[in-house]
*Asks:* 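This is the structure, below, for whatever I ask next.
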Amino acid sequence: MRVKICGITQPQQSVAIASLGATALGFICVPTSPRYVTSKEIQAAVAELPANIDKIGVFANASITEIMEIVNSSGLTGVQLHGDETPEFCCVLRQSLPKIEIIKALRVRTLENLIVTAPQKIKLTDYVDTLLLDAYHPQQLGGTGKTLDWEMLKKFRPSCPWLLAGGLTPDNILAALNQLQPDGIDLSSGVEIKPGDKDLNKVGLLFEKLGTLKSPSTRHHS
Ligand SMILES: O=C(O)c1ccccc1N[C@@H]1O[C@H](COP(=O)(O)O)[C@@H](O)[C@H]1O
């Protein structure tokens with residue numbers, strides 16, 4: 001299972017978190033976020049990371065030009081679109097950056113919200129590699145610590161891989177994964193001391209908990 005730790009701001013923490021077992025690290029390219037990092041800062045962090053770690057830039061309603069500039073200058077291997085990007089936008093981005101993973105985040109309010117827009121999402125999956133489900137917050141785009149209704153997501157069966165995000169912590173991760181079988185998980189504020197400053201003890205605890213998971217085929221489902 002993929003494990004993405006997001007909102008890294010310190011290069012030495014990215015190396016430590018990769019050593020603990022993360023398969024992907026996320027860098028926030030949204031200027032209004034307290035976890036915002038510049039292209040140069042991402043470049044410095046990425047340069048120290050092993051090649052097998054996915055390096056994901058998180059954007060929200062940025063232009064194609066802006067995303068391309070940051071990706072090309074910093075060595076990112078993927079982008080996470082966390083705003084209101086349309087399938088058409090994802091299509092153009094795919095053509096502009098054909099070798100870069102595109103993760104489209106959906107900020108979910110209700111099951112109806114997910115179902116009503118389902119036809120659009122079917123099209124969306126033609127242009128993105130991965131979906132990410134995060135909780136909706138009226139004021140903040142992400143990194144809110146708000147959990148989704150996991151019960152509701154049992155009906156979510158996208159045609160592409162998906163990541164579960166939103167308020168995940170070392171304390172609740174096993175409960176979440178007991179109910180859902182995402183292709184990966186994404187944590188930010190749940191493993192932090194303060195925004196952008198990761199708590200390596202909590203990250204370590206997360207991987208300890210994940211190490212206790214039984215294989216998906218033997219996991220209990222209620
Ligand atoms: O973390 C941020 O500051 C942020 C800002 C703008 C868009 C997305 C952001 N973070 C993403 O939020 C989710 C969940 O975070 P949390 O675990 O609930 O704190 C995660 O996917 C981050 O990539």
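Indexing begins at 1, ligand by ligand and atom by atom, following the structure's order.
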*Asks:* With no hydrogens and no angle check, just 3.5 Å: does a side-chain donor-acceptor pair link Lys146 and Gln140?
*Replies:*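 Short answer, no.
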
*Asks:* Rounded to the nearest 0.5 Å, what separates atom CG in Leu205 from atom CG in Leu20?
*Replies:*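 Leu205 CG to Leu20 CG: 11.0 Å, rounded to 0.5 Å.
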
*Asks:* Quick check on Gly7 - does any of its heavy atoms sit under 4.0 Å from an atom of ligand 1?
*Replies:*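 No, that is not the case, since the closest heavy atom of the residue is not under 4.0 Å from the ligand.
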
*Asks:* Could you identify the single nearest non-hydrogen protein atom to atom 17 (O) of ligand 1 and state the distance to 0.1 Å?
*Replies:*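 Looking only at protein heavy atoms, the one closest to atom 17 (O) of ligand 1 is Ser188 N, 3.1 Å.
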
*Asks:* Looking only at protein heavy atoms, which one is nearest to atom 16 (P) of ligand 1, and what is the separation?
*Replies:*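 The closest one turns out to be Ser189 OG, 3.6 Å.
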
*Asks:* Give me the nearest non-hydrogen protein atom to atom 10 (N) of ligand 1 as residue plus atom name, then the distance to 0.1 Å.
*Replies:*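 Nearest protein contact, heavy atoms only, for atom 10 (N) of ligand 1 is Gly143 N, 3.3 Å.
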
*Asks:* As a quick check of understanding, evaluate salt bridge (charged side-chain N to carboxylate O under 4.0 Å, His left out) for Lys202 and Asp171, giving each step before the final call.
*Replies:* CA-CA 9 Å; Lys202 284 189 184 170; Asp171 288 337; over 6 Å; no

*Asks:* Between Ser39 and Glu69, is the side-chain hydrogen bond (donor to acceptor under 3.5 Å, both in side chains) condition met? List the steps.
*Replies:* CA-CA 9 Å; Ser39 170; Glu69 273 173 15; over 6 Å; no

*Asks:* When you measure from atom 3 (O) of ligand 1 to every protein heavy atom, which one gives the shortest distance, and what is it?
*Replies:*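 Protein heavy atom at minimum distance: Ser33 OG, 2.6 Å.
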
*Asks:* Do me a favour and list the nearest non-hydrogen protein atom to atom 22 (C) of ligand 1 with residue, atom name and distance?
*Replies:*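 Sorting protein heavy atoms by distance from atom 22 (C) of ligand 1 puts Cys6 SG, 3.7 Å first.
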
*Asks:* Measure the shortest side-chain to side-chain distance between Phe27 and Val46 over non-hydrogen atoms and say whether it is less than 4.5 angstrom.
*Replies:*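 When only atoms from C-beta onward are counted, Val46 and Phe27 do touch, with a gap below 4.5 Å.
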
*Asks:* Write out the residue and atom name of the closest protein heavy atom to atom 1 (O) of ligand 1, then the distance separating them to 0.1 Å.
*Replies:*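 The answer is Arg35 NH1, 3.2 Å.
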
*Asks:* Hey, what do you get for CD1 (Ile8) to CD1 (Ile42), rounding to the nearest 0.5 Å?
*Replies:*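 Reported value, rounded in 0.5 Å steps: 11.5 Å.
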
*Asks:* Taking the non-hydrogen atoms of Gln140, is any one of them nearer than 4.0 angstrom to ligand 1?
*Replies:*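 Gln140: no contact with ligand 1 (<4.0 Å).
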
*Asks:* With the threshold set at under 4.0 angstrom, would you say Ala60 reaches ligand 1 through any of its heavy atoms?
*Replies:*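 False for this residue.
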
*Asks:* What's the shortest distance from atom 13 (C) of ligand 1 to any protein heavy atom, and which residue and atom give it?
*Replies:*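 The closest heavy atom on the protein side is Asp134 OD2, 3.3 Å.
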
*Asks:* Report yes or no: does Lys4 have a heavy atom closer than 4.0 Å to ligand 1?
*Replies:*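 Contact present.
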
*Asks:* If you compare all heavy atoms of Cys6 against all heavy atoms of Val58, which two are closest, and at what distance to 0.1 Å?
*Replies:*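 It is SG-CG2, 3.7 Å.
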
*Asks:* If you measure from CZ on Arg2 to CD1 on Ile103, what distance do you get to the nearest 0.5 Å?
*Replies:*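 Result: 5.0 Å between the selected atoms.
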
*Asks:* Give yes if a backbone or side-chain nitrogen or oxygen of Gly190 is under 3.5 Å from a nitrogen or oxygen of ligand 1, and no if not.
*Replies:*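 No.
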
*Asks:* Determine, using heavy atoms of Gly26 and all atoms of ligand 1, whether some pair is separated by less than 4.0 Å.
*Replies:*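 Gly26 does not count as a contact of ligand 1 under the 4.0 Å cut-off.
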
*Asks:* Looking at side-chain heavy atoms only, is the closest gap between Leu164 and Trp150 below 4.5 Å?
*Replies:*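 The answer is yes, as the side chains (C-beta and beyond) meet within the 4.5 Å cut-off.
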
*Asks:* Does any N or O of ligand 1 fall below 3.5 Å from an N or O anywhere on Leu132, backbone included?
*Replies:*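 In this structure, Leu132 places no N or O atom under 3.5 Å from an N or O of ligand 1.
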
*Asks:* Considering non-hydrogen atoms of the protein only, which is the closest contact for atom 20 (C) of ligand 1, and what is the distance?
*Replies:*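 Ranked first by proximity to atom 20 (C) of ligand 1 is Asp186 OD2, 3.3 Å.
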
*Asks:* Does some side-chain heavy atom of Ile100 sit less than 4.5 Å from a side-chain heavy atom of Leu76?
*Replies:*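 No, side chains not in contact.
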
